[in-house]
Amino acid sequence: MFGKLTLDAFHHSSMIIVFANVIMIGTGLAVVAALTYYRKWGYLYREWFTTVDHKKIGVIYIVIALIFLLRGFIDAAMVRAQQASAGPGMDGYLEAAHFAELFTGHGTMMIFFMAMPFLVGLMNIAIPLQIGARDVSFPLLNAISVWLTAAAGALVMISLLVGSFSEAGWSGYTPFSGLAHSPGPGVDYWIWALQISGISTTLTGVNFVTTILKKRAPGMTLMRMPMFTWTVLCTSILIVVSFPALTAALALLALDRSVGTHFFTSIMGGDQMLYINMFWLWGHPEVYILVLPAFGIFSEVVTTYCNKRLFGYTSMVWATMAIAFLSFGVWVHHFYTMGQDPLRNSIFGIATMVIAIPTGVKIYDWIWTMFRGRIEYKLPMLWTLGFLITFVMGGMSGVLLAIPGADYKMHNSLFLVAHFHNVLIPGTMFGLLAGFYYWFPKVFGFRLDEKWGRHSFWGWLVGFYVAFVPLYMLGIMGMPRRMVTYDNPAWHFWLVIAAIGAIIVAYGIFAMFMQIYVSWRDREKNADLTGDPWGGRTLEWSIPSPPPEYNFAVVPEVRDRDAFMEMKVNDWAYQRPSAYEDIHMPKSTPLAIVIAALSFVFGFAYVWHIWWLAGLCVLGTVAAVIVRSFNDETEFVIPAAEVEADEDAFHRRLQDADVFEHMKDIKEYGDERTPNGEFIEPTTRATSGVPG
């Protein structure tokens, strides 16, 4: 009846895992008890569990990401501690199998359950507001996506308690992930966590491609879109095109493991290289899925805190599209050593080097935007500067690894681990944290604490260099990656330094959570009363903080690339219509969380071969969708009188803050100028000879 699930699945030989389970279960029970004591279940159900509001969905994504940031970092810290405490004459404190679970879990969680939810959360928060839309194109699909991500994350978490997680690495290479080498439930947990998460992300990609192409405000042509919107559009296209390759690869691997097919075995016509090609056909575009939105965030930050238009906007757009296109032509550089002929390796090596060109264009555009700008060194600007310096170093090491001969020597060394983190930590994490600080007041109505934010920044930046520069050294010295023990005494010193770097990063993470707590404690003092705390240039800063459910009382008309700045300069920001109209918005629904719960149970049942339960979950999902299809009451109306009352309150706050008086002086800073210092009207920019 329970398939392969027995009481032995709850037995763990490692006391570390037992202790982790006690903490996980204890924390969960404490949260449930607190919510019950303070009677918050009804509020959570009405406002969060059943919501289809894109802003709240964005917050849920970021909460998921922060939880997995802690879990993924703990796994990484344990790996660093093991290698620092192992060596000649020392075995460390971890068993080899547990060590393999840790590095597999770390990579899986940081990519699929930290970085992806974090960036999708920021996409949900910012994109509809930037393009002047009241919601995404498919609000219900958006809610299903976020709760599917939560369900997939829950599968990763429950593997700590019931059974074990994969030991085959985050990429799940065959034959290591095949049934012969990994007969336990770990790889199956990995497959279904990624499968459910991947379906969620694919739905998100479809949603945002449609939203950006079809929901833009009047006048917002493609070349008037903010750069963050451009990068999200290219990212969403990458998601739609690349994620099906991962979905197919995981489905075939699941069939190999559970049905007895031989797609990825070396017998009966199978081919192990087929899996590796399919995985990296998704895997390398995934790198740019993670990095491109961060590039968009840096563009928003630089223009805002340098009080200038983005230098080379058109070149930035084309560079973004070039990166997205070229990302599909470089996947073979992940397996130069697996038997391709020299011509094929050379082609992919050249393509890998070429993709550095549009990335360099972006870096120069950011630098020239800063040139002679009135730079405000707020926290997002610090993250941007830290990114520029650190990412360039990672990019240069990537160009080195693009050479097939060099990669042949270094592909399985810690040099590659250092390069990978050198690209993704500044290129993704720094961007996500910059965007988190930048848009936080828009979502919650108060700013994040700057002091603790700077502590977090320096912890991350210094900790990164201390943790990963030694890995470059070790890679050059010949240390392979994924080693639980080693016998070379020359490596030990550098591994101890790397472990110290992990401790410094831990302080940066601690400071980030302290920043959130202190900001919430002092939220009244740090309140954003105007909706525009930074002197923003795009449409999201033209509405209250936090925004009303409908976002815009009147859909704005866009006349320029920096739409809100142009409105401020020409004195038509905050203009009110002669009369407001009723606004139709989608109703909340429990369907998304029901589908997610059934998906979680389905994944768990498939892992343990409880086929009757898996079948019931499929039937339940189909039934839930059919029941929903008979519901015609999917919208509610916000009366015009309520909209007008909200706008009246917002305009009173603007008057109290002297915003309208301040706007009269807005032409004296923050935009392009003629040699005489005069503002160039949007209609004459094209013929004025001023770039932009």
Side-chain angles (χ1 to χ4, degrees), residues 107-108 111-112 168-178 194 198 234-235 237-253 263-266 269-292 321-360 394-424 427 475 480-482:
T108 300
I111 291 174
F112 290 94
W170 80 273
S171 54
Y173 271 19
T174 53
F176 305 114
S177 57
L194 266 59
C234 291
T235 294
I237 294 170
L238 286 178
I239 287 172
V240 172
V241 176
S242 68
F243 262 83
L246 177 66
T247 301
L250 294 174
L252 297 179
L253 181 59
F263 292 105
F264 304 132
T265 62
S266 56
D271 187 351
Q272 299 166 16
M273 284 296 297
L274 175 62
Y275 172 85
I276 296 170
N277 273 278
M278 293 177 71
F279 181 87
W280 287 115
L281 188 60
W282 160 83
H284 202 83
E286 169 66 9
V287 172
Y288 294 100
I289 288 169
L290 295 174
V291 169
L292 282 179
M321 291 191 288
I323 290 171
F325 176 77
L326 291 171
S327 70
F328 283 101
V330 297
W331 82 89
V332 171
H333 73 217
H334 289 275
F335 43 97
Y336 280 146
T337 60
M338 293 189 183
Q340 292 82 227
D341 58 85
L343 176 61
R344 192 173 309 170
N345 281 349
S346 299
I347 291 170
F348 282 91
I350 293 169
T352 304
M353 295 178 193
V354 167
I355 206 169
I357 296 173
T359 307
M396 289 189 293
S397 65
V399 173
L400 172 63
L401 289 172
I403 302 170
D407 183 79
Y408 193 90
K409 301 293 288 185
M410 296 181 178
H411 80 285
N412 199 38
S413 75
L414 286 177
F415 189 95
L416 187 141
V417 174
H419 157 72
F420 184 73
H421 288 81
N422 201 169
V423 171
L424 283 189
R481 47 186 171 157
R482 307 189 188 102

Original post:
Of all heavy-atom pairs between Ile355 and Ser327, which one has the smallest distance, and what is that distance?
Top reply: CD1-N, 3.7 Å
Subject >> Aromatic contact, Phe112 with Trp282 (centres under 6.0 Å) >> reply: yes
**OP:** Determine, stepwise, if the pair Met273 / Gln340 fulfils side-chain contact (heavy atoms from CB on, under 4.5 Å).
**Re:** CA-CA 11 Å; Met273 284 296 297; Gln340 292 82 227; 3.8 Å; yes
Original post:
Quick one: CG on Leu424 to CD1 on Ile111, what's the gap to the nearest 0.5 Å?
Top reply: 6.5 Å
Subject >> Sub-4.5 Å side-chain heavy-atom contact between Leu401 and Phe415 >> reply: yes
**OP:** Return yes if some donor-acceptor pair links the side-chain N/O of Tyr336 with the main-chain N/O of Gly349 below 3.5 Å, else return no.
**Re:** yes
Subject >> Val241 and Pro285, any side-chain heavy atoms less than 4.5 Å apart >> reply: no
Original post:
Who passes ring-ring contact (aromatic ring centres under 6.0 Å, His included) against Phe263, sequence neighbours left out?
Top reply: none
Subject >> Ile289 versus Thr235, closest heavy-atom pair with distance >> reply: O-CG2, 3.6 Å
Subject >> Side-chain heavy-atom pair Ile323, Thr359 within 4.5 angstrom cut-off >> reply: yes
Subject >> Gap between atom NE2 of His334 and atom CG of Leu281 - 0.5 Å precision >> reply: 11.0 Å
Subject >> Shortest non-hydrogen separation from Gly172 to Ser177 and the atoms involved >> reply: O-OG, 2.7 Å
Original post:
Between Leu400 and Met396, is any pair of side-chain heavy atoms under 4.5 Å apart?
Top reply: no
Subject >> Full working for side-chain contact (heavy atoms from CB on, under 4.5 Å) between Met410 and Leu416 >> reply: CA-CA 7 Å; Met410 296 181 178; Leu416 187 141; 5.9 Å; no
Subject >> Check: Arg481 side chain, His411 main-chain N or O, donor-acceptor pair, under 3.5 Å >> reply: yes
Original post:
Roughly how far, to the nearest 0.5 Å, is the CE atom of Met278 from the CG atom of Leu246?
Top reply: 9.0 Å
**OP:** Taking the side chain as every heavy atom from C-beta outward, state whether Leu238 and Leu292 have any pair of such atoms under 4.5 Å apart.
**Re:** yes
Original post:
Heavy atoms, side chains only, cut-off 4.5 Å: are His333 and His284 in contact?
Top reply: yes
Original post:
Nearest 0.5 Å, what's the CZ-CG distance between Arg482 and Asn412?
Top reply: 6.5 Å
**OP:** Mind listing the closest non-hydrogen atom pair of Gly394 and His419 along with its distance?
**Re:** O-ND1, 3.1 Å
Original post:
Which distance, rounded to the nearest 0.5 Å, do you find between the CZ of Phe348 and the CE of Met353?
Top reply: 14.0 Å
**OP:** State whether the number of non-hydrogen atoms from other residues, nucleotides or ligands found under 6.0 Å of Tyr173 atom OH is greater than 12.
**Re:** yes
**OP:** Please determine which of Trp331, Phe335, Trp170 meets the ring-ring contact (aromatic ring centres under 6.0 Å, His included) test together with Phe279.
**Re:** Trp170
Original post:
Is there side-chain contact between Phe264 and Ile276, with heavy atoms separated by less than 4.5 Å?
Top reply: no
Subject >> Partners meeting side-chain contact (heavy atoms from CB on, under 4.5 Å) with Pro244 (sequence neighbours left out) >> reply: none
Original post:
Distance from Ile347 atom CD1 to Asp341 atom CG, nearest 0.5 Å?
Top reply: 8.0 Å
